[in-house]
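Whatever order the structure lists them in is the order used to number ligands and atoms, beginning at 1.
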Amino acid sequence: MKKDLVSVSDLTKSEIEKMFVLSKKIKSKTKKGIAHRVLKEKTLAMIFEKPSLRTRVTFETGMTQLGGHAIYLAPADIQLGKRESVADVASNLSRWVDAVMARTFSHQTIVELAENATVPVINGLSDLEHPCQILADFFTIYEHRAKKMDWRNWKLAYIGDGNNVCHSLLLASGILGMNISVGCPKAYQPKQEIIEKTLEFAQKTKAKIEILEDPFVAVKEADFIYTDVWASMGQEAEREERKRVFADYQVNAKLVAKAKEDVLVLHCLPAHRGEEITDEVIDGPHSIVLPQAENRLHLQKAILVKLLFNK
Ligand code: CP
Ligand code: NVA
């Protein structure tokens with residue numbers, strides 16, 4: 001395993017699959033109330049430049065359940081790159097804590113943290129990727145459908161903005177070999193560098209990768225539909241304009257009806273209900289958003305164990 005989890009592509013197919021096996025064991029222990037304090041005396045520093053519910057609570061709870069401790073560093077606390085350089089923050093933290101998790105605006109900040117820290121650095125969301133989210137999502141897919149890790153037999157349709165979540169979904173699909181169709185407006189498609197990297201992975205795993213504009217074509221024969229907010233954190237000023245651009249990309253009952261009958265719907269949350277997803281879909285029978293959110297906890301505990309023991 002690499003020292004850090006900056007991109008989902010830091011992991012190989014086999015490392016991801018082993019991570020899922022460990023997550024399953026950890027989840028089962030947690031559900032049975034069996035203590036698993038393998039990170040006793042260990043500390044995780046959590047740097048946040050943006051708000052969070054799930055990432056903060058699941059990392060902090062995960063560390064507690066593993067017998068360790070997490071420190072929340074709010075945006076105003078350290079002012080990355082302003083009060084002192086990213087490199088200095090990374091080298092100082094490395095003298096005190098055992099791992100660093102960071103949620104930043106710029107992906108480059110996480111890259112710099114990782115380069116300058118001697119301890120593992122975990123990407124808790126950047127403008128380019130959201131690897132912890134996507135690993136938890138694929139773990140959820142594994143639990144619900146791809147129980148044999150037979151990724152090639154399944155198709156996921158991502159509808160909406162070609163953003164950080166879409167990027168990590170594409171890369172993970174390519175690495176694992178799951179088919180993915182992305183339906184995004186032309187000006188909001190995923191970055192070319194991510195598409196190219198995904199296609200490289202897909203050559204090996206034979207995943208079918210489609211980048212489309214029409215959401216109805218994208219969801220055809222889909223086993224999973226995934227959506228995310230149209231305006232990500234930091235893009236609040238564009239929210240009204242984006243509402244207009246993405247109006248035809250709403251995951252509603254009409255769109256869901258065009259996928260497979262037993263399609264499952266995912267959303268990383270937070271959701272802007274009535275925008276990218278309707279209440280009837282997110283609260284309806286196809287939705288697995290709550291098990292998906294729960295799995296952030298179990299999967300990230302596995303990430304912490306793997307990175308801290310470096311195996
Ligand atoms: N999905 C996710 O990362 O949620 P938060 O922004 O609440 O952490
Ligand atoms: N794309 C969203 C994901 C939130 C978890 C954002 O970056 O705000």
Side-chain angles (χ1 to χ4, degrees), residues 5-8 44-63 70 72-75 100-110 122-141 156 158-172 182-185 188-191 194 224-243 245-246 249-251 265-273 275-277 282 287-301 303-304:
L5 179 59
V6 171
S7 162
V8 85
L44 172 74
M46 307 190 296
I47 300 173
F48 282 93
E49 288 187 335
K50 295 174 181 172
S52 168
L53 172 69
R54 281 147 290 272
T55 306
R56 178 189 174 176
V57 173
T58 51
F59 268 107
E60 196 162 330
T61 305
M63 280 305 286
Y72 172 67
L73 297 162
V100 175
M101 191 279 297
R103 165 167 290 193
T104 61
F105 283 99
S106 161
H107 186 73
Q108 194 50 33
T109 305
I110 299 185
I122 302 168
N123 179 351
L125 180 145
S126 66
D127 58 354
L128 192 69
E129 276 205 56
H130 197 0
C132 298
Q133 176 70 54
I134 269 50
L135 291 168
D137 300 339
F138 273 85
F139 177 61
T140 310
I141 286 172
L156 182 142
Y158 175 88
I159 306 299
D161 185 22
N163 60 16
N164 44 9
V165 165
C166 176
H167 289 161
S168 294
L169 272 174
L170 274 167
L171 291 169
V182 166
C184 300
Y188 295 85
Q189 297 211 328
K191 277 189 192 299
I194 297 284
F224 306 97
I225 297 178
Y226 197 123
T227 191
D228 183 15
V229 291
W230 293 335
S232 284
M233 290 180 276
Q235 297 171 334
E236 289 77 9
E238 295 172 32
R239 189 157 171 189
E240 289 310 311
E241 185 198 336
R242 283 170 173 264
K243 268 197 214 173
V245 175
F246 287 97
Y249 290 80
Q250 184 182 65
V251 176
V265 174
L266 296 104
H267 190 310
C268 56
L269 306 177
H272 292 160
R273 287 166 175 258
E275 292 183 25
E276 78 278 0
I277 195 161
I282 200 167
S287 172
I288 53 167
V289 302
L290 282 176
Q292 180 189 1
E294 180 188 327
N295 280 336
R296 291 291 300 280
L297 172 66
H298 309 299
L299 188 282
Q300 286 163 196
K301 282 166 76 180
I303 293 177
L304 288 164

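Residue contact check for ligand 2: Asp161 places no non-hydrogen atom closer than 4.0 Å to it. In this structure, Arg296 is part of the shell of residues with a heavy atom less than 4.0 angstrom from ligand 1. Residue Leu125 places no heavy atom under 4.0 Å from ligand 1. Ligand 1 does not have Lys50 within reach: every non-hydrogen atom of the residue lies 4.0 Å or more from it.
Close contacts between ligand 1 and Cys268 involve ligand atoms 1 (N) [criterion: under 4.0 Å to a heavy atom]. Atom numbering of ligand 2 starts at 1 in the shown order; those under 4.0 Å from a heavy atom of Leu269 are 5 (C). Close approach of ligand 2 to Leu125 is summarised as follows: ligand atoms under 4.0 Å from at least one heavy atom of the residue are 3 (C), 4 (C), 5 (C), 7 (O). Residue Asn163 approaches ligand 2 through these ligand atoms, each under 4.0 Å from one of its heavy atoms: 1 (N). Atom numbering of ligand 1 starts at 1 in the shown order; those under 4.0 Å from a heavy atom of Gln133 are 1 (N), 2 (C), 3 (O). If you number the atoms of ligand 1 from 1 as listed, the ones under 4.0 Å from a heavy atom of Leu269 come out as 1 (N), 2 (C), 4 (O).
The aromatic rings of Phe246 and Trp230 lie parallel to each other, their planes meeting at an angle below 30°, with 60° marking the opposite boundary.
Among protein heavy atoms, atom 8 (O) of ligand 2 sits closest to Met233 N, 2.8 Å. Residue, atom and distance of the protein heavy atom nearest to atom 3 (C) of ligand 2 are Asp228 OD2, 3.6 Å. Scanning the protein for heavy atoms near atom 4 (O) of ligand 1, the closest one is Arg54 NE, 2.8 Å. When hydrogens are left out, the protein atom nearest atom 6 (O) of ligand 1 is Arg103 NH1, 2.8 Å; that is the closest non-hydrogen contact.
The residue from Lys50, Glu60, Arg103 that alone fulfils the side chain to side chain donor-acceptor pair (under 3.5 Å) condition with Thr55 is Arg103. The only member of Val289, Ile282, Ile159, Ile225 that meets side chain to side chain contact (heavy atoms under 4.5 Å, CB included) when paired with Ile277 is Ile282. Considering His267, Glu276, His272 as possible partners of Asp228, the one that fulfils the side chain to side chain contact (heavy atoms under 4.5 Å, CB included) test is His267.
The closest side-chain donor-acceptor pair between Thr104 and Glu49, if any, does not fall under 3.5 angstrom.
Only the side chain of Asn164 comes within 4.0 Å of ligand 2, judged by heavy-atom distances. Using a 4.0 Å cut-off between heavy atoms, His130 contacts ligand 1 through its side chain alone, with no backbone atom that close.
Counting heavy atoms from C-beta on, the side chains of Leu304 and Ile122 come closer than 4.5 Å.
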Criterion side-chain hydrogen bond (donor to acceptor under 3.5 Å, both in side chains) on Gln292 and Thr140, from CA distance to verdict: CA-CA 6 Å; Gln292 180 189 1; Thr140 310; over 6 Å; no

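Residues satisfying the salt bridge (Lys or Arg N to Asp or Glu O under 4.0 Å) test with Asp137, not counting sequence neighbours, are none.
Between Pro270 and ligand 1, not a single N/O pair is under 3.5 Å apart. Backbone and side-chain nitrogen or oxygen atoms of His130 are examined, and none is located within less than 3.5 angstrom of a nitrogen or oxygen of ligand 2. In terms of polar-atom proximity, Leu53 is counted as a contact of ligand 1, with an N or O under 3.5 Å from an N or O of the ligand.
Salt-bridge formation is not detected for the pair Arg239/Glu236: no Lys NZ or Arg NE/NH1/NH2 atom is positioned less than 4.0 Å from an Asp or Glu carboxylate oxygen.
With Asp127 contributing its side chain and His107 its backbone, the two residues share a donor-acceptor pair below 3.5 Å. With Gln300 contributing its side chain and Cys132 its backbone, the two residues share no donor-acceptor pair below 3.5 Å.
From Glu238, atom CD reaches atom OG of Ser232 across 9.5 Å, with rounding to the nearest 0.5 Å.
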